[in-house]
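Nothing fancy with the numbering, it's 1 onward along the sequence.
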Amino acid sequence: MRNFRDLDVWNISVDFSKKIYSFLDYFPSSEKFGLSSQISRSVVSIPSNIAEGCSRNTQKDFSRFLQISLGSSFELETQLIIANKINYISDADFSEIITELHLIQKKIQSLKNYADSLTVKEF
């Protein structure tokens with residue numbers, strides 16, 4: 001079993017989640033069950049799936065959960081683009097957030113590639 005707490009990408013995505021939640025405080029209260037809720041679920045799903053994947057016994061399962069985490073990050077990116085387009089997030093804040101999210105996406109993909117390379121060796 002892997003220790004997810006030791007993974008740089010997990011720690012960065014947890015910190016990123018906290019940052020996104022601070023932006024949600026400024027969304028209109030009418031969005032509490034709409035876009036705000038979707039964003040909060042997506043951002044929490046990123047580190048959650050990394051952690052869940054670490055509990056799996058095989059590299060293949062671990063890789064699958066990294067793929068789910070990556071999917072959540074793309075879902076989040078879409079939601080943040082929408083939030084920016086409807087002026088819930090300023091262009092400057094959006095640019096900063098997206099840059100961080102792209103870094104997380106690259107780190108997840110790199111870890112997935114590594115896990116996949118180990119999966120090939122298992123057979």
Please check: side-chain N/O of S95 versus main-chain N/O of D91, any donor-acceptor pairing under 3.5 Å? no
Within one Ile-Leu-Val-Met-Phe-Trp-Tyr cluster: I82 and L76, side-chain cutoff 4.5 Å: yes
Below 4.5 Å, heavy atoms only, C-beta onward: do L7 and C54 meet side chain to side chain? yes
Are W10 and L70 co-members of a hydrophobic cluster defined by side-chain heavy atoms under 4.5 Å apart? yes
V44 vs Y21 side-chain heavy atoms within contact, under 4.5 Å: yes
Test of understanding: clusters of I, L, V, M, F, W, Y form through side-chain heavy atoms closer than 4.5 Å, transitively. Do V43 and Y26 belong to the same one? no
Show the numbers, then the answer: is there a side chain to side chain donor-acceptor pair (under 3.5 Å) between D93 and S90? CA-CA 5 Å; D93 287 337; S90 72; 3.3 Å; yes
Output the distance between atom CD1 (I104) and atom NZ (K107), rounded to the nearest 0.5 Å. 9.5 Å
Using side-chain heavy atoms (C-beta onward) and a distance below 4.5 Å, is K19 in contact with D15? no
Before giving the answer on side chain to side chain donor-acceptor pair (under 3.5 Å), spell out for R2 and Q59 the whole-Å C-alpha distance, their side-chain angles and the decisive distance to 0.1 Å. CA-CA 10 Å; R2 299 157 202 85; Q59 290 298 112; 2.5 Å; yes
Are the side chains of E75 and R41 in contact, using a 4.5 Å heavy-atom criterion? no
Main chain of A51, side chain of S55: is a donor-acceptor contact present, judged purely on distance under 3.5 Å? no
Separation between OG (S48) and CZ (F4), nearest 0.5 Å, reads 9.0 Å
Any T99 side-chain heavy atom under 4.5 Å of L103 side chain: no
Applying side chain to side chain contact (heavy atoms under 4.5 Å, CB included) to F62 and L111, what does each step give before you reach the verdict? CA-CA 10 Å; F62 178 48; L111 184 56; 3.9 Å; yes
How far does OG of S40 sit from NZ of K32, to the nearest 0.5 angstrom? 11.0 Å
Shared hydrophobic cluster for I81 and F16 (ILVMFWY, side-chain gaps under 4.5 Å): yes
For the pair N49 (side chain) and S45 (backbone), establish whether a donor and an acceptor sit closer than 3.5 Å, ignoring hydrogens and angles. yes
Minimum-distance pair of heavy atoms, taken over all atoms of F94 and I89: N-CG2, 3.6 Å
Atom pair CG/CG of L35 and L80 - distance to nearest 0.5 Å: 8.0 Å
Within the 4.5 Å heavy-atom criterion, are E100 and E96 side-chain neighbours or not? yes
Could you walk me through whether K18 and V14 pass the side chain to side chain contact (heavy atoms under 4.5 Å, CB included) check? CA-CA 7 Å; K18 182 179 173 187; V14 167; over 6 Å; no
Do K112 and D116 meet the salt-bridge criterion of a basic N to acidic O distance under 4.0 Å? yes
Between the side chain of S69 and the main-chain N/O of F65, is any donor-acceptor distance below 3.5 Å? no
So, using ring pair (Phe, Tyr, Trp, His ring centres under 6.0 Å) as the criterion, who are the partners of F27 when residues are at least two apart? Y88
Considering all heavy atoms of both residues, which atom of S73 and which atom of L101 are nearest to each other, and what is their separation? O-CD2, 3.6 Å
In chain order, what residues pass the salt bridge (charged side-chain N to carboxylate O under 4.0 Å, His left out) check against E52, with sequence neighbours excluded? R56
Between N11 and D6 the two heavy atoms that sit nearest each other are ND2-C, 4.4 Å
Given Q79 and S42, is the side chain to side chain contact (heavy atoms under 4.5 Å, CB included) satisfied, shown in steps? CA-CA 9 Å; Q79 295 156 354; S42 294; 2.9 Å; yes
Give a yes or no on whether I68 and V9 share a hydrophobic cluster (residues Ile, Leu, Val, Met, Phe, Trp, Tyr; joining criterion: side-chain heavy atoms under 4.5 Å apart). no
Using atom types as modelled and distance alone, determine if a side-chain donor or acceptor of S17 lies under 3.5 Å from a backbone N or O of S13. yes
Could you list the residues that satisfy salt bridge (charged side-chain N to carboxylate O under 4.0 Å, His left out) with K106, not counting sequence neighbours? none
